[in-house]
There are 2 protein chains.
Amino acid sequence: MGNINLKELALALNLSTATVSRALRDSHEISPETKKKVLELAKQLNYEPNPAASNLRSHKTKTIAVIIPEVTNNFFSQAINGIEEIARRHDYHVLIYQTHENSDLEMAFMRRLLSGRVDGILISVASETNNDQNFKDIINQLPVVFFDRVNEDIDAVKVTTDDYESTYNATCHLIEGGCKKIAYLMALNNLSTGKKRFAGYCAALNDNGIIKNDALVVNDANNEDENYALIKKLLIDKKPDGIITSIENLALPFYYVCKDLNLNIPRDIKIISFSNLKTAPLLNPSLSTITQPAFEMGKEAAGILFKILNKKYFEPNETLVLKSTIIKRESTGF
Amino acid sequence: MGNINLKELALALNLSTATVSRALRDSHEISPETKKKVLELAKQLNYEPNPAASNLRSHKTKTIAVIIPEVTNNFFSQAINGIEEIARRHDYHVLIYQTHENSDLEMAFMRRLLSGRVDGILISVASETNNDQNFKDIINQLPVVFFDRVNEDIDAVKVTTDDYESTYNATCHLIEGGCKKIAYLMALNNLSTGKKRFAGYCAALNDNGIIKNDALVVNDANNEDENYALIKKLLIDKKPDGIITSIENLALPFYYVCKDLNLNIPRDIKIISFSNLKTAPLLNPSLSTITQPAFEMGKEAAGILFKILNKKYFEPNETLVLKSTIIKRESTGF
DNA sequence: CTGTTAGCGCTTTCAA
DNA sequence: TTGAAAGCGCTAACAG
């Protein structure tokens, strides 16, 4: 705003704007004394370069966009934390866009970003359906790194977690604990994330000689009340002795149902849930968790994006897979 | 990026860039037919105006900044959710900056934003100390709305919650429940938020004829292990029968201490905590909570900022106070 | 209602 | 090592 500009700075120093501009960006073709003079006055006068002008000329925005389903999801807020940390380290600014799982909105965000508002995009997609060509169009015009919820059919740089393995291990954990009828609360089934988790569950059952029963698999209705009803029906009708929730949000209605039905966890039914909630250990009575390294994912994804922006990323488009942590809890709470 | 620009669009339509520019922004001085033609071709060619050029000329960025202590704090992520919703409604972009409670960093962010990167700022401050003049400088140059953690000594638009009243009521709740020795886990004591909460606690004790005992007041050490140790010492040495935690983060170490000391909640000690955690009702065995309307605060604060930006805010600099919700839980969990 | 023109504040040739 | 000059893509006077 009411700030000083390059021209005024140059005038005050008896230099050309070109020289001042170069000095400010520490160009090697400027003498040390000149640089020093410029830097000093700039600091003294609180000079801040106008980003619009700089961007218009140089096509660099010093800004990246983060597109995610929800900020209020623990996983994503932790990822943003990691992204912001790396961005700040590079002196970059971070724009946030929430899709609320709406892929039309997601595509609208991306299209608008093509106007040159950002240097690159970090995205955790809302859906993998019907968008391939759109995504490809974008990727051709702007560096994009996918994280967590990636689009399998697109050749791009991706950072994910070991969805298959972690769910496989989680299922084995329940089987080892004696569970014979393990229910699965399924979500994100239009995404590879969700598919892989489910595949891990299926494979673990199979490898342990348990025949999968589709009646034990319940789909997320994206609605708390409905989920509550679905889970209640499941617990009453099928009486599972173990349950896996493939997203954090599904653990809540499950707990309420148990409370209502007077089911004791873990005596009557054991649970293991995906969760990035720090207070999860306090959930009653014993919640085993699969925790994704959200913060690290944010950092890794952002790190790769900056490597691309600095032309220092020479790998082929690859998927970096980070390990989730499974925490097994057996206590009966307080 | 490789996008089409105004000039090309104008050329293709046999119009001047000025006309096209006006048509695109729905100016009243353009004929309907021309507008229609322009809009159609623009859509067809996927034209996206270059924000840098537009900003450079018009001094409008269509961007606001949100400066907060931590994204991973439930309260703030919910506030961001509200802010983003309003911003999108106005076709604005949202930049996120985390201060991690560091007020130097906070000031550095604000200074950099003066370069014209944003049209306005929403901030929840890291500290109220030693920054008054700096804040005043910023406010003179850019519209700023403070929310939740506001700087009392600055004349600006603010949105807060009823910190005093809610803590007062929370304390009364414990007293009504029979508590005689109510401890207070204090945080944010360099902020009016923290001070008001503490004042509410003190006033409630006083109004109920209880003499405040400073030994029952413990200060947040900003460190999980240390807080654990402090709280443990408090519970062993002073044996309080009730406790109020003035921020969500302090409830966790408290729970761990109770578990370690084999203290039964609420039989041995009752608790009421500030918390914006959705799963709080599942915390064992009975956590009464003070929940701030974070989402609504984000919406309100952003709404006011947009009114200011659209020159539709004519109130004097006022503080809008939103009501928190106190949820009293008495059950012994599952 | 439409066009002409100037210029926002930078960066980047090109020339010195 | 520095300067002069052009121009990024748009908007805003001003003129017609």
Side-chain angles (χ1 to χ4, degrees), chain A residues 1-39 41-42 45-63 91 112-119 141, chain B residues 1-39 41-42 45-63 91 112-119 141:
Chain A
M1 300 320 259
N3 249 330
I4 200 176
N5 64 20
L6 248 201
K7 210 163 131 191
E8 297 171 281
L9 203 58
L11 210 66
L13 286 160
N14 247 318
L15 287 167
S16 73
T17 58
T19 305
V20 176
S21 171
R22 283 187 275 242
L24 252 16
R25 277 169 306 119
D26 203 28
S27 159
H28 51 275
E29 46 182 5
I30 298 291
S31 75
E33 309 101 69
T34 311
K35 264 186 203 169
K36 204 181 148 216
K37 265 198 298 187
V38 172
L39 259 8
L41 191 65
L45 298 181
N46 254 319
Y47 170 74
E48 289 285 348
N50 180 314
S54 160
N55 168 13
L56 182 56
R57 194 59 239 260
S58 68
H59 299 292
K60 281 178 188 151
T61 62
K62 293 232 148 216
T63 306
D91 250 304
R112 274 205 290 158
L113 290 175
L114 288 181
S115 62
R117 188 176 285 275
V118 298
D119 294 347
Q141 305 187 247
Chain B
M1 297 331 254
N3 250 331
I4 199 175
N5 65 20
L6 249 200
K7 211 163 132 192
E8 298 171 281
L9 204 58
L11 210 68
L13 287 160
N14 246 317
L15 286 168
S16 73
T17 59
T19 305
V20 176
S21 170
R22 281 186 278 242
L24 252 16
R25 278 168 306 122
D26 203 28
S27 160
H28 52 275
E29 45 181 6
I30 298 291
S31 76
E33 309 100 70
T34 311
K35 265 186 203 170
K36 206 180 146 217
K37 264 197 301 187
V38 172
L39 259 8
L41 191 65
L45 298 181
N46 255 319
Y47 170 74
E48 289 285 349
N50 180 314
S54 162
N55 168 13
L56 182 57
R57 190 63 239 253
S58 68
H59 299 293
K60 280 177 190 151
T61 62
K62 293 234 150 215
T63 307
D91 250 305
R112 272 204 292 159
L113 290 174
L114 288 180
S115 61
R117 188 175 285 275
V118 298
D119 294 347
Q141 305 186 247

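Chain letters run A, B, ... following the sequence lines, proteins first, then strands; residues in each count from 1. Only a predicted model underlies this, so the values are computations on that prediction, with no experimental measurement involved.
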If each of K7(B) and T17(A) is mapped to the nucleotide of DNA chain D with the nearest heavy atom, which maps nearer the 5' terminus, i.e. the 5' end? T17(A)
Would you say R57(B) reaches dG9(C)'s phosphate, i.e. side-chain N/O to OP1/OP2 under 4.0 Å? no
With a 4.0 Å cut-off on heavy atoms, is P49(B) in touch with a base, just the backbone sugar-phosphate, or nothing at all? sugar-phosphate
Are any of S58(A)'s side-chain N or O atoms less than 4.0 Å away from OP1 or OP2 of dT11(C)? no
Just by distance, with hydrogens left out, do T63(A) and R117(B) show a side-chain donor and acceptor under 3.5 Å apart? yes
Spacing between L24(A) atom CG and dT11(C) atom P, to the nearest angstrom: 8 Å
Find the distance L15(A):CG to dA4(D):P and express it as a whole number of Å. 11 Å
Between S115(A) and P49(B), which heavy-atom pair has the shortest distance, and what is it? CB-O, 3.3 Å
Between T19(B) and S16(B), the two heavy atoms sitting closest are OG1-OG, 2.9 Å
Using whole Å, what does the distance between atom C1' of nucleotide dC10(D) and atom CG of L56(B) come to? 8 Å
Any chance you could lay out the salt bridge (charged side-chain N to carboxylate O under 4.0 Å, His left out) test for D26(B) and K35(B), step after step, and finish with the verdict? CA-CA 7 Å; D26(B) 203 28; K35(B) 265 186 203 170; 3.1 Å; yes
How long is the span from the CG atom in N14(B) to the NZ atom in K37(B), to the nearest 0.5 Å? 8.0 Å
Nearest 0.5 angstrom please: L6(B) CG to L24(B) CG, how far? 6.5 Å
What nucleotide, of dT11(C), dT1(D), dT2(C), holds the atom closest to the side chain of S31(A)? dT1(D)
Rounded to whole angstrom units, what separation is found between the CD1 atom of I30(A) and the P atom of dG3(D)? 8 Å
Nearest 0.5 Å, what's the CD-CD1 distance between E48(A) and I4(A)? 11.5 Å
Rounded to the nearest Å, what distance is computed from the CG atom of residue L6(A) to the P atom of nucleotide dG7(C)? 18 Å
OP1 or OP2 of dC1(C) sitting under 4.0 Å from any side-chain N/O of T19(B)? no
Quick one: do the N55(A) and T61(A) side chains pair a donor with an acceptor below 3.5 Å? no
Take atom OH of Y47(A) and atom P of dG9(C), then tell me their distance rounded to the nearest Å. 10 Å
When the distance from CG of N55(A) to C1' of dC8(D) is rounded to whole Å, what number comes out? 10 Å
Candidates dC1(C), dC10(C), dT1(D) - which lies nearest the side chain of N5(A): dC10(C)
First of H28(B) and A53(B) reached from the 5' end of DNA chain C, by closest nucleotide: H28(B)
Establish, with yes or no, whether the OP1 or OP2 oxygen of dT11(D) is under 4.0 angstrom from a side-chain nitrogen or oxygen of S54(B). yes
Check whether any side-chain nitrogen or oxygen of S16(B) sits under 4.0 Å from OP1 or OP2 of dG3(C), and answer yes or no. yes
Hey, what are the protein-to-nucleotides 13-16 of chain D N/O distances that come in under 3.5 Å?
unit_1	atom_1	unit_2	atom_2	d
dA13(D)	N6	R22(B)	NH1	3.4

It should be established whether S21(A) places a side-chain nitrogen or oxygen under 4.0 Å from OP1 or OP2 of nucleotide dC10(C). no
note: K60(B), atom NZ; dA12(D), atom C1'; distance rounded to Å ~ 11 Å
